Structure formats: C-alpha cells, structure tokens
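Let me begin by presenting the structure, written as structure tokens, before commenting on it.
What you see is a predicted model; the values in this text were computed from it and never measured. Throughout, protein chains are lettered first and strands after them, A, B, ... in sequence-line order, and every chain is numbered starting at 1.
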Amino acid sequence: MAKGAIVSRAEDFPRWYQEVVARAEMADNGPVRGTMVIRPWGYGIWELLQAELDRRIKEAGAENAYFPLFIPESYLSLEAEHVEGFSPELAVVTHGGGKKLEEPVVVRPTSETVINSFFAKWIQSHRDLPLLINQWANVVRWELRPRLFLRTSEFLWQEGHTAHATEAEARAYALLILRDVYLSTMVDVAALPVLTGHKTPRERFAGAIRTWTCEGLMGDGKALQMGTSHELGQNFSRAFGITFSNAEGGLEHVWQTSWGVSTRLIGALVMGHGDDFGLRLPPALAPTQVVVLMIKEEPEVRAAAEGLVAELRAAGHRVRLDDRTETSFGRRSVDWELKGVPVRVEVGPRDLAEGNVTLVTRHLRHKQTFARTAVRQEVDGIMARVGPELLAEAAAFRAAHTVDVRTLEEAVEAGGTGLARIRLGALGADGEDRLADKALSVRCLQRPDGGLAEPGDDDADLIAVVGRSY
RNA sequence: CGGGCUGUAGCGCAGCUUGGCAGCGCGCCUGCUUUGGGAGCAGGAGGUCCCGGGUUCAAAUCCCGGCAGCCCGACCA
C-alpha cells in the first residue's frame with residue numbers, strides 16, 4: 001500500500017468503506033454513538049439526490065409538508081404490528097422543561113402515526129382523495145451497530161404517505177413510486193442497477209400488507225435495501241379511523257401507501273461504484289463535476305485555467321478551480337480522486353506551450369492530452385458517458401455474482417459471495433430460518449423474468465433472491 | 001447479560017513487564033527551495049497519559065474502584 005493510500009477493497013472491505021467516507025470528507029461520527037455529521041461533500045451529494053427525487057415525487061402528484069419530530073407515545077401503540085416492530089429502536093423523551101412529562105413522547109422513527117392522525121381529520125369525502133403527502137425529515141431509530149450512512153441512529157430521508165379510495169388505486173400508486181421515482185433515480189441518476197420485487201412477510205415493514213423494494217448489490221457481494229414502497233391496506237386507516245363517504249353515501253376506510261428512501265443511498269453510491277482509489281461519482285450526483293487543476297502558479301497557467309473554468313461553467317457543468325499550488329500536484333490529484341470527481345483538467349506549462357491540457361477521467365483513471373480548444377467538447381462527451389459506463393460496470397458485476405440454483409444448500413453456497421435465485425417454494429417451510437442461520441435472507445421475490453409479482457401470483461412459485469445484506 | 005481487549009497530541013500508535021524529563025509517524029504552523037501522481041530541508045505549536053482514590057521521595061507505569069469504547073457470543077430484527 002502506497003504511503004497514505006487507502007486499504008484495498010479486497011483486503012478489508014468494511015475498512016475500505018470507512019476510509020473512503022472519511023478521506024473523501026463525506027461524514028464524521030457524531031459525539032453520540034450512532035449519530036453522524038454529514039460534511040459538505042456528503043451533503044452536496046444528498047442535495048443533488050434530493051432534488052432528483054423531489055422532482056419525481058412532485059411529478060407523481062405528491063406535495064411536501066412537515067409534521068412534528070415528537071410523537072405521543074400512545075400513537076405508536078395504535079397499530080399492533082407497527083409498535084411491535086419499532087419499540088426496540090425508539091428514543092423516548094421523558095422530561096421536558098425540567099419536569100417529568102405526563103406522557104412520554106417518542107422521537108419519530110417514521111411518521112405513519114402522526115400523519116395518519118391528521119389524515120383522519122382532513123379526509124371526509126371521496127372528493128378529498130387521493131391525498132398524497134411527502135415530507136423531508138430526519139428520523140431516529142436507535143442502532144446498536146452503526147455504520148456511517150448505512151445504519152445510523154439518526155438519518156435523513158423522505159417519507160411519502162398517501163390515502164386512496166380503493167385498494168387497486170393504492171397499489172398502483174405504491175408501484176408508481178417504486179418505478180418512476182425510486183427505480184428511475186437509482187438507475188438513471190445514481191447509475192446503480194437495482195432489483196425490484198416484494199418482501200416476504202418476515203422482511204416486510206411493520207404494519208404493511210406488502211412491501212415493494214429496490215435491492216442493490218454492493219462491491220463486496222452483499223445486498224443493500226435501497227428504498228421501499230409499502231401497501232398498508234387499511235391497517236392504519238382502521239387504527240386511526242380514517243374514513244370517507246363514498247359516492248353512494250356509504251362510509252369506508254381509506255387504502256394507504258407509504259414509501260421512503262434515505263441518506264443510505266449515499267452509502268450505496270460508495271459501495272456500488274467505489275474502487276481502490278476512492279469514490280467514483282456519476283456526474284448527476286457530483287457536487288463538483290470538473291476540477292480544473294493548476295499544476296503551477298504561473299500567469300499563463302492561471303489565465304488558461306480560469307478561462308477553462310468559465311467556458312465549462314457556461315457549458316452547464318459544475319466546475320471548480322483548484323489553484324492551491326502551495327500543495328503538491330500529486331496530493332491534490334489524489335484528493336479529487338478520493339472524492340470521485342468525474343473529470344480533472346490538468347493545466348500546466350508543459351502542455352500549455354503546445355496549446356494543450358490533460359484530461360483525466362476518474363472512473364477509468366484514464367489520462368489523455370487534448371488541444372485546449374477541444375476541452376469543452378471532450379468534457380461534454382465524457383460527462384455523457386460516465387453514468388452509463390458506471391451503470392454497465394455495476395450491472396456486469398451483478399450478473400457475474402448472481403446464480404440460479406435449485407436447492408437451499410446451493411443457495412447458501414452462492415449467497416456467500418453474491419445473489420442466489422431460487423424458487424421460494426424450493427426453500428421449504430422453514431427456509432428463511434435456515435437461511436438466517438447462515439446469515440442469509442430473502443432480499444425480494446420476483447417473477448422468473450425479474451418482473452414484479454402480479455395479483456394472483458403465488459409467492460411459492462416466484463423467485464426468491466437470496467443474499468447476505470447490510 | 002457473559003467472555004476478551006483497549007483508553008497517551010487532531011488521527012494512528014509506542015512507552016507500562018522492571019516507577020525516574022511525555023515520545024514516534026502522519027497532520028498542523030512559519031520560512032526557504034519545490035510543484036506533470038501523496039515534495040525536501042530547517043524551525044515551531046500542540047497533552048486532564050479516561051475519571052476518582054491509594055502506595056511511593058517520585059505514578060502514564062503498581063494497587064483498588066468507576067466510566068467509556070471495540071471484538072466475540074447471547075438477545076433482537
């Protein structure tokens with residue numbers, strides 16, 4: 001290992017992950033165990049993700065709102081499975097204003113309960129439906145084994161909550177979010193291939209009747225749940241009394257959905273695209289897409305570099321000038337590489353004398369000299385290619401680490417290094433227990449062709465995607 | 001909850017066995033020389049040695065008590 005370099009992924013993947021997050025200045029551990037300080041580079045990625053998600057959420061018709069951080073403890077217990085699922089990880093506030101509270105309040109682990117208590121108030125008629133609400137917020141789930149971005153006690157996310165007149169409409173909306181918001185953002189923006197499917201009852205969200213999921217495969221062969229969209233049926237509408245008068249004058253309970261993705265996606269980006277030199281960002285999520293790096297402080301170099309910055313900015317790229325020539329060239333190159341900036345433009349006297357500059361493409365670590373006048377066009381071209389190439393590389397990795405099997409034993413074998421696909425029925429009644437003994441789980445269920453289950457499909461006939469997971 | 005390990009500069013660590021000036025690497029600051037893949041030289045700053053008590057002329061070091069963190073197991077999902 002070269003001086004100051006990070007550990008290789010092959011040698012120690014968890015340590016590699018920690019080092020990338022630290023050295024790329026994405027996040028630090030907070031003072032309270034399990035908490036996280038998101039630094040500008042990490043937060044910049046989040047802001048870009050947020051913007052992409054928010055636009056799609058609004059296109060899907062949902063509106064943003066904000067509900068309180070504190071929830072009366074009693075609300076949680078209104079839905080039996082929900083409270084059972086969340087009580088082990090709740091943070092509970094027992095004192096306020098120096099006095100013991102009459103009723104403790106919990107810090108939201110998710111907002112189903114508060115939001116639904118208001119849905120009950122707002123929804124009277126079928127004309128009030130559908131009600132489509134999203135909120136951007138922090139949530140708290142006390143974690144014993146935290147890892148930055150992947151599992152922290154507090155994290156940032158988006159949670160959508162909707163109410164519909166019919167089960168079919170709720171289901172269609174949960175799937176709309178899954179495909180047009182989550183799948184689209186993960187694949188087209190983050191360049192991360194994901195499997196979609198639904199969870200087994202064992203893995204399902206506490207309180208849902210069906211949980212749809214996007215599952216990614218990380219560089220160490222472990223799966224990561226990257227986003228979920230739940231059909232809640234009438235579980236919460238019955239618990240909270242959310243009723244509406246239908247067109248015939250009858251009183252019905254609404255059908256609901258909820259869905260969320262979090263800052264965990266940043267962890268997915270690191271583990272899905274990173275290499276032994278650090279992070280590799282798709283341009284769409286790079287806070288800085290192009291770094292123009294001055295090799296030396298000379299008037300000609302500065303003039304050329306500043307000219308390129310202006311030109312590339314005008315072309316619509318997020319560009320930053322690195323003129324910290326008091327720091328060595330090598331050091332600065334490595335720093336930008338760690339941060340995953342897609343393109344570096346290296347401007348130095350030697351090239352410049354011949355009217356050239358050097359372009360370095362991060363994801364390929366490819367270096368080439370171009371005429372200064374060709375830079376804009378070359379950068380445009382590289383920027384258009386990076387995302388698709390990262391996506392193709394990750395998809396090839398997943399294909400190479402996915403295998404179809406027929407028995408649980410084979411699934412255990414294959415699941416050790418990647419994903420195993422097996423008919424759920426072939427796992428047997430205690431299949432999930434036996435997988436759990438080997439630290440494996442069913443990540444999702446899909447049709448043999450990878451498609452989503454249709455109404456009427458029997459889970460036993462669907463393909464269970466089995467793997468280790470985060 | 002059980003077992004093991006660790007707390008020393010911003011980070012990583014040595015020193016503890018055998019008590020005797022608080023150390024090393026990286027990072028940081030200043031100056032000069034450098035700058036095309038983690039620069040060199042010189043100078044400098046930075047400490048509640050986890051906390052409390054004890055033994056001793058003298059404690060980072062030995063003894064007692066406590067706290068925190070990490071790993072493994074159990075539990076949970």
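- Between the side chain of H401(A) and the main chain of F397(A), a donor-acceptor pair closer than 3.5 Å is present.
- Taking only side-chain nitrogens and oxygens, S328(A) comes nearer than 4.0 Å to OP1 or OP2 of rA39(B).
- Using a 3.5 Å distance cut-off with no hydrogens or angles, the side chains of D220(A) and Y470(A) do pair a donor with an acceptor.
- rA60(B) makes up no base pair with any nucleotide shown, lacking Watson-Crick or G-U wobble contacts both under 3.5 Å.
- Comparing rA58(B) with rC50(B), their C1' atoms sit 23 Å apart, to the nearest whole Å.
- Judged by distance alone, the side chains of H198(A) and D459(A) do bring a donor and an acceptor atom under 3.5 Å apart.
- Taking 4.5 Å as the limit, some side-chain heavy atom of F119(A) sits within range of a side-chain heavy atom of H161(A).
- Judged as a salt bridge (charged side-chain N to carboxylate O under 4.0 Å, His left out), and not counting sequence neighbours, R320(A) has no contacts.
- R365(A) comes within contact range of at least one nucleobase, with a heavy-atom separation under 4.0 Å.
- Atom C1' of nucleotide rG36(B) and atom CZ of R332(A) are separated by 11 Å, given to the nearest angstrom.
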Which pairs, protein N/O on one side and nucleotides 72-74 of chain B N/O on the other, fall under 3.5 Å?
none

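- The CD atom of E81(A) sits 14 Å away from the C1' atom of rA77(B) (whole-angstrom rounding).
- Between R324(A) atom CZ and rA39(B) atom C1' there is a gap of 15 Å when expressed in whole angstrom units.
- Using Watson-Crick or G-U wobble geometry with both donor-acceptor distances under 3.5 Å, rA45(B) finds no partner in any strand shown.
- rC76(B) is unpaired under the Watson-Crick or G-U wobble criterion, no partner having all donor-acceptor distances under 3.5 Å.
- When Watson-Crick and G-U wobble pairs are counted only if both distances are under 3.5 Å, rG37(B) pairs with no nucleotide at all.
- Between the side chain of R421(A) and the main chain of V465(A), no donor-acceptor pair closer than 3.5 Å is present.
- You'll find the side chain of K339(A) stays beyond 4.5 Å of the side chain of R23(A), heavy atoms only.
- Pair assignment for rC13(B) gives rG23(B), based on Watson-Crick or G-U wobble hydrogen-bonding distances that are each under 3.5 Å.
- For D323(A) and rU35(B), the CG to C1' distance is 14 Å, given to the nearest whole Å.
- rG3(B) and rA77(B) have their P atoms separated by 25 Å, given to the nearest Å.
- rG46(B) and rC41(B): their P atoms are spaced 24 Å apart (whole Å).
- Residue-level contact check: E203(A) touches neither bases nor backbone, having no heavy atom under 4.0 Å from any strand.
- Distance, E19(A) CD to rG12(B) P: 12 Å, rounded to whole Å.
- In this structure, R204(A) reaches neither bases nor backbone, as no heavy-atom distance under 4.0 Å exists between it and the strands shown.
- Side-chain proximity of T358(A) to the nucleotides rA39(B), rG36(B), rG37(B) is greatest for rG36(B).
- Toward the 5′ end of RNA chain B lies the nearest nucleotide of G330(A), the other residue of the pair G330(A) and P146(A) mapping further downstream.
- With rA39(B), rG36(B), rC76(B) as the choices, the nucleotide that has an atom nearest any side-chain atom of P88(A) turns out to be rC76(B).
- Computed from coordinates, the K339(A) NZ to rG37(B) C1' distance equals 17 Å when rounded to whole Å.
- Comparing rG37(B), rG36(B), rA39(B) against the side chain of V334(A) picks out rG37(B) as the nearest.
- When the C1' atom is used for both rC26(B) and rG38(B), the distance is 12 Å, rounded to whole Å.
- rA39(B) and rA74(B) have their P atoms separated by 47 Å, with the value rounded to a whole Å.
- The side chain of T325(A) lies closest to rU35(B) when the candidates are rA39(B), rU35(B), rG36(B).
- Comparing rG36(B), rG38(B), rG37(B) by their closest approach to the side chain of R331(A) singles out rG38(B).
- Within 6.0 Å of CH2 on W136(A) lie more than 12 heavy atoms contributed by other residues, nucleotides or ligands.
- The base of rG37(B) is paired with the side chain of K367(A) by a donor and an acceptor separated by under 3.5 Å.
- Nucleotides rU18(B) and rA60(B), compared at atom C1', are 15 Å apart to the nearest Å.
- Atom CD of E298(A) and atom P of rG36(B) are 12 Å apart (whole Å).
- For H82(A), the ring-ring contact (aromatic ring centres under 6.0 Å, His included) partners two or more places apart in sequence, or in a different chain, are F86(A), F205(A), F236(A).
- With both ends at atom P, the span from rC24(B) to rC64(B) equals 33 Å, rounded to whole Å.
- Across all strands shown, rC5(B) pairs with rG69(B); the Watson-Crick or G-U wobble distances both stay below 3.5 Å.
- In this structure, D322(A) atom CG and rU35(B) atom C1' are separated by 12 Å, rounded to whole Å.
- With C1' as the reference atom, rG37(B) and rC28(B) are 23 Å apart, rounded to whole Å.
- The backbone N or O of A460(A) sits less than 3.5 Å from a side-chain atom of R423(A), completing a donor-acceptor pair.
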